[in-house]
Amino acid sequence: MKKPIGFEIKLEPGSKIVTIPIADDLKEYLQSLSRGKSHIDYLKEFLGSEHNYNVAEKAVTEAMHKSLPEDAVANCQFCNGDSKDESDKACTVYKMQMEFTFMIAAQEFIRIVLSNKLIYDHKAALQNLTINFYDSLEFIAGKGLMFLNLEKLCRFALSANFQAISKNFAESEILQNLQIINETLNVLDDEDIQNQVLQQEDENYLDLQKRFFENKQRYYKEKLSQQEATKGKHKSRQRNAMSIPQHALYYYYLQAAGEFPYFENHPDGKLKAIEELVEIEQIPTTPKHFQMKYNFINNHQSNRIAKNQVANISYVIDKLSNNLKAKEIAVSELKQAQTKTK
């Protein structure tokens with residue numbers, strides 16, 4: 001559990017906040033230390049516009065005022081006109097401690113965002129997280145105290161990070177995602193083991209992170225499997241567009257190249273092997289008819305290397321583009337067939 005961030009000014013009874021004038025050169029030096037983007041500049045950027053920042057700032061100011069002790073408002077000498085000295089404002093110390101808390105809380109929030117590029121680059125997630133930063137500010141009614149619920153904010157940040165990662169994965173290749181996921185899970189496991197060895201508290205929500213990446217891993221593995229199955233069906237449909245003699249030639253050349261088992265080697269016989277092939281590849285014929293066409297080109301070379309087979313062999317060569325050895329055999333026989341007279 002992360003400790004909340006808060007600040008309280010404790011004054012002795014009767015004491016009050018006073019402003020000490022400083023020399024111009026010291027003021028200029030102090031201003032030089034704060035050059036660059038302030039926490040206000042960052043919050044405006046994260047919220048998407050100055051208008052959005054003003055709306056949020058107004059809500060915080062109203063919440064600060066509502067948290068003031070009743071007597072701080074009722075007995076305020078300045079507000080009641082009994083004093084023109086702003087140091088007599090009863091709310092000064094409360095507003096100072098809440099404004100200082102806000103500044104420290106905002107700087108911690110900005111550090112979290114800037115250390116996570118995925119969140120920073122995902123503008124929708126960043127804007128939503130910044131709104132949640134304001135929602136993580138809690139006020140103690142009647143005390144004039146404000147604190148940042150850091151545990152709540154860190155969980156919001158974790159959710160924003162998951163959202164940004166999901167978007168990044170959706171725009172990337174599946175294999176690349178799986179590689180990133182595997183590497184990340186390995187790092188998380190190492191960190192978890194290290195915490196257990198050193199008996200350290202888990203401050204990085206490792207269990208939640210591992211669950212998130214394991215779910216993504218399962219999702220992308222299934223998606224990859226579905227894609228491969230779809231590709232397989234597409235190839236099968238392409239083969240099914242072939243005529244039966246072309247199918248016979250296709251498997252003949254695969255067998256000749258040693259890339260597909262011979263039907264004769266099936267433990268239940270040649271016909272059983274053909275029956276299984278026709279069923280699995282959904283070849284639109286009967287096993288008997290396929291066997292007849294296969295035997296025609298397999299049993300007699302002259303039937304296969306013939307002028308009337310040139311078109312069939314040429315067609316099959318295109319289908320063997322991923323089977324180089326089988327394609328090489330088919331190309332050789334095509335050249336022979338092209339020289340035949342009949």
Side-chain angles (χ1 to χ4, degrees), residues 1-10 38-40 42-47 52-53 55-57 59-64 66-68 94-168 184-185 187-216:
M1 180 70 70
K2 297 185 181 294
K3 294 181 180 179
I5 294 176
F7 180 77
E8 181 179 10
I9 300 174
K10 292 189 177 181
S38 68
H39 66 283
I40 294 175
Y42 276 113
L43 290 175
K44 288 179 181 178
E45 177 192 345
F46 295 172
L47 285 168
N52 291 343
Y53 170 79
V55 171
E57 181 66 14
V60 170
T61 301
E62 290 176 354
M64 286 181 177
K66 290 179 180 178
S67 73
L68 295 174
Y94 301 109
K95 287 188 175 179
M96 281 187 66
Q97 64 192 16
M98 286 189 283
E99 287 171 356
F100 186 75
T101 293
F102 181 83
M103 182 183 69
I104 299 299
Q107 289 175 343
E108 175 63 16
F109 168 62
I110 292 163
R111 183 194 67 77
I112 291 172
V113 170
L114 296 182
S115 66
N116 194 317
K117 191 174 184 301
L118 278 178
I119 294 178
Y120 182 75
D121 290 342
H122 189 340
K123 298 310 177 186
L126 175 59
Q127 185 181 53
N128 189 54
L129 177 59
T130 308
I131 294 170
N132 286 328
F133 159 69
Y134 282 95
D135 288 341
S136 299
L137 297 172
E138 300 187 8
F139 299 83
I140 301 178
K143 297 290 185 180
L145 288 171
M146 177 181 74
F147 66 91
L148 172 67
N149 189 328
L150 189 57
E151 174 73 16
K152 186 176 180 181
L153 176 61
C154 285
R155 289 182 177 274
F156 279 135
L158 189 65
S159 176
N161 191 39
F162 290 162
Q163 184 181 348
I165 290 172
S166 295
K167 178 178 181 293
N168 196 52
T184 303
L185 283 171
V187 171
L188 293 174
D189 283 335
D190 286 346
E191 188 175 343
D192 191 18
I193 291 172
Q194 188 72 359
N195 283 344
Q196 293 179 45
V197 170
L198 300 178
Q199 296 183 319
Q200 295 178 156
E201 183 181 354
D202 173 20
E203 295 185 350
N204 295 318
Y205 313 99
L206 295 178
D207 286 344
L208 286 174
Q209 290 196 64
K210 285 196 285 187
R211 279 182 58 193
F212 171 80
F213 283 104
E214 285 167 354
N215 285 341
K216 290 296 180 184

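Along the sequence shown, residues are numbered consecutively beginning with 1. Worth saying up front: this structure is predicted, and the values here are computed from it rather than measured.
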Peer 1: Drop me the distance from Met103's CE to Ile40's CD1, to the nearest 0.5 angstrom.
Peer 2: 10.0 Å

Peer 1: Of all the heavy-atom pairs spanning Ser166 and Lys216, show the shortest one and how long it is.
Peer 2: OG-NZ, 3.1 Å

Peer 1: If you define the side chain from C-beta out and look only at heavy atoms, does anything of Met64 sit under 4.5 Å from Lys95?
Peer 2: no

Peer 1: Do Asn204 and Glu191 get their side chains close enough for a donor-acceptor pair, meaning under 3.5 Å?
Peer 2: yes

Peer 1: What distance do His39 atom NE2 and Ile110 atom CD1 have between them, rounded to the nearest 0.5 Å?
Peer 2: 7.0 Å

Peer 1: With a 4.5 Å heavy-atom cut-off, do Lys210 and Asp192 have their side chains touching?
Peer 2: yes

Peer 1: Test the Lys143-Phe139 pair against the cation-pi criterion, namely NZ or CZ under 6.0 angstrom from the six-membered ring centroid and within 45° of the ring axis.
Peer 2: no

Peer 1: Answer yes or no: is there a side-chain heavy-atom contact under 4.5 Å between Leu47 and Ile131?
Peer 2: yes

Peer 1: Just checking, any donor-acceptor pair under 3.5 angstrom between side chains of Glu45 and Tyr120?
Peer 2: yes

Peer 1: Would you confirm whether Asn132, through its side chain, and Asn128, through its main-chain N or O, come within 3.5 Å as a donor-acceptor pair?
Peer 2: yes

Peer 1: Should we count NZ of Lys66 as having more than 12 external heavy atoms under 6.0 Å?
Peer 2: no

Peer 1: For the residue pair Ser67 and Met98, what are the closest heavy atoms and their distance?
Peer 2: OG-SD, 3.5 Å

Peer 1: To the nearest 0.5 angstrom, please state how far the CG atom of Leu148 sits from the CZ atom of Phe109.
Peer 2: 10.0 Å

Peer 1: Contact between Lys44 and Asn52 at the side-chain level, heavy atoms closer than 4.5 Å - yes or no?
Peer 2: no

Peer 1: Are any of the side-chain heavy atoms of Asp190 and Gln194 separated by less than 4.5 Å?
Peer 2: no

Peer 1: Would Gln209 and Leu158 count as a side chain to side chain contact (heavy atoms under 4.5 Å, CB included) here? Give the steps.
Peer 2: CA-CA 8 Å; Gln209 290 196 64; Leu158 189 65; 4.0 Å; yes

Peer 1: May I ask you to say whether Lys152 pairs ionically with Asp135, meaning some side-chain N is under 4.0 Å from a carboxylate O?
Peer 2: no

Peer 1: Is Glu151 salt-bridged to Arg155, going by a charged N under 4.0 Å from an acidic O?
Peer 2: yes

Peer 1: Any non-hydrogen side-chain atom of Met146 less than 4.5 Å from a side-chain atom of Glu138?
Peer 2: no

Peer 1: With rounding to the nearest 0.5 Å, note down the distance linking CZ in Phe156 to CD1 in Ile119.
Peer 2: 13.0 Å

Peer 1: Atom CZ of Phe212 and atom OG of Ser159: how far apart are they, to the nearest 0.5 Å?
Peer 2: 9.5 Å

Peer 1: Look up atom CG in Leu188 and atom CD1 in Ile193, then write down how far apart they are to the nearest 0.5 Å.
Peer 2: 11.0 Å

Peer 1: Phe133 vs Phe102 aromatic rings, parallel, tilted or perpendicular, using cut-offs 30° and 60°?
Peer 2: tilted

Peer 1: Is the shortest side-chain N to carboxylate O distance from Arg211 to Glu214 below 4.0 Å?
Peer 2: no

Peer 1: Ala164 and His122: which non-hydrogen atoms are nearest, and at how many Å?
Peer 2: CA-CD2, 3.4 Å

Peer 1: Provide the closest heavy-atom pair for Ala157 versus Ile112 in the form atom of the first, atom of the second, distance.
Peer 2: CB-CG2, 4.0 Å

Peer 1: Do you know which two heavy atoms are closest between Val113 and Phe46, and how far apart they sit?
Peer 2: CG1-CZ, 3.7 Å

Peer 1: Please name the residue in the list Gln200, Glu203, Glu201 that meets the side chain to side chain donor-acceptor pair (under 3.5 Å) test with Asn195.
Peer 2: Gln200

